[in-house]
Number of protein chains: 2
Amino acid sequence: MDRNHALAAFAALSQPTRLDVFRLLLRAGVNGMAAGEIADALDVKQNTMSANLAVLHQAGLVRNQREGRSIRYFADLDGTRGLLGFLMEDCCGGNPDLCQPVISSIACAS
Amino acid sequence: MDRNHALAAFAALSQPTRLDVFRLLLRAGVNGMAAGEIADALDVKQNTMSANLAVLHQAGLVRNQREGRSIRYFADLDGTRGLLGFLMEDCCGGNPDLCQPVISSIACAS
DNA sequence: CCATCATATCAATAATTCATGATTTATGGA
DNA sequence: TCCATAAATCATGAATTATTGATATGATGG
């Protein structure tokens, strides 16, 4: 993850529909959702959703996979990890004592 | 951190200068940097930087504090934690097994 | 093949965002 | 009080981004 990838990812997440899509796909987990399902779930027109999915894909935040006539989308956790790592690396490198509480507070309460 | 705050934060980080500022302030740690220092360090005009700092502040990503004639800026780690937590909460809630690797991979290598 | 369904791409307009010169506000020193 | 410094605000033009109707591509079943 370099600076330009990070910029693209943040831009992707700065739009309401796209943020909703990403969180929806996080919830969907390994099942993912077909493009049309996503559009229906969020009440967004098909071509608008297609464009927004393309932005998320380009940004490395979602993956997709053709499945018959549909294309199924998944949250890309590798890309997500890269983004968060990029954001926090400076903090962790220079000031781990300050950074650690940020990390630990978002750990899954398993 | 609600959806609108998260959108504002992602929008703030989606602009090159602002991303650079945020990372610079993470590196600066508790010392922070004066607004003018930041503008000089990144070779950005004073009023442009002022506007960008205002966006980051509004988004809850930086704090500031007047210090004589200068205003000193700091990365706001509470705001940052809120943002990351918001982004990952759905994943953690429904799919902690998938989410955990994302979290642990960004932990500080102390 | 042909019809249909699912998704992507295109073209055009509307809306938002950005950078900047000029100006204003706030602070501190003489 | 007057001046100098530091930062914020304002107004404007340029560039980017979003949405949408129309159309194209790709896959499946008959």
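- Taking only side-chain nitrogens and oxygens, B:Ser50 comes nearer than 4.0 Å to OP1 or OP2 of D:dA8.
- Spacing between atom CG of A:Leu13 and atom P of D:dA18 amounts to 12 Å, rounded to whole angstrom units.
- The nearest whole Å value for the distance from the CE atom in B:Met33 to the C1' atom in D:dA7 is 15 Å.
- In this structure, the side chain of A:Glu37 engages the main chain of A:Ala34 through a donor-acceptor pair within 3.5 Å.
- The side chain of A:Asn47 has D:dA22 as its nearest neighbour among D:dA22, C:dT4, C:dA19.
- If you chain together hydrophobic residues whose side chains sit under 4.5 Å apart, A:Val102 and A:Leu98 fall into the same group.
- When each of C:dA26, C:dC18, D:dA18 is scored by its nearest atom to the side-chain atoms of B:Arg18, the top-ranked nucleotide is C:dC18.
- For D:dT16, neither phosphate oxygen OP1 nor OP2 lies less than 4.0 angstrom from any side-chain nitrogen or oxygen of B:Gln15.
- Between the side chain of A:Gln46 and the base of C:dA6, no donor-acceptor pair under 3.5 Å is found.
- When the nearest nucleotides of DNA chain C are assigned to A:Leu53 and A:Arg69 by heavy-atom distance, the more 5′-ward of the two goes with A:Arg69.
- Put simply, CD on B:Glu67 is 14 Å from C1' on D:dA7, counting in whole angstrom units.
- If you check D:dA27, C:dA8, C:dA22 against the side chain of A:Ile71, the one that comes closest is C:dA8.
- Rounding to the nearest 0.5 Å places SG of A:Cys91 at 7.5 Å from CD1 of A:Ile103.
- Taking atom CD of residue A:Gln58 and atom P of nucleotide D:dA18, one finds them 13 Å apart after rounding to whole Å.
- Projected onto DNA chain D by closest heavy-atom contact, A:Val55 and A:Gly68 fall at different nucleotides, the more 5' of which corresponds to A:Val55.
- In this structure, B:Leu13 and A:Phe10 approach most closely via the heavy-atom pair O-CD1, 3.5 Å.
- Rounded to an integer number of Å, the gap from A:Leu19 CG to D:dA18 P is 13 Å.
- Under a 4.0 Å N-O distance rule, the pair A:Asp20/B:Arg3 qualifies as a salt bridge.
- Between C:dT7, C:dT27, C:dA19, one nucleotide has an atom nearer to the side chain of A:Ala34 than all others, and that is C:dT7.
- Under 4.0 angstrom from either OP1 or OP2 of D:dT17 there lies no side-chain N or O belonging to A:Asn52.
- Side-chain nitrogen and oxygen atoms of B:Ser70 include at least one within less than 4.0 Å of the OP1 or OP2 phosphate oxygen of D:dA7.
- The nearest whole Å value for the distance from the CG atom in B:Asp20 to the P atom in C:dC18 is 14 Å.
- To the nearest angstrom, C1' of D:dA6 lies 13 Å from CD1 of B:Ile38.
- If you take CZ of B:Arg66 and C1' of D:dT5, they are 11 Å apart, rounded to a whole angstrom.
- A close approach under 4.0 Å does not occur between any side-chain nitrogen or oxygen of B:Tyr73 and OP1 or OP2 of D:dA6.
- In this model, the phosphate group of C:dT20 is approached by a side-chain N or O of B:Thr48 to a distance below 4.0 Å at OP1 or OP2.
- Taking a 6.0 Å sphere around NE2 of A:His57, one finds it holds more than 12 heavy atoms contributed by other residues, nucleotides or ligands.
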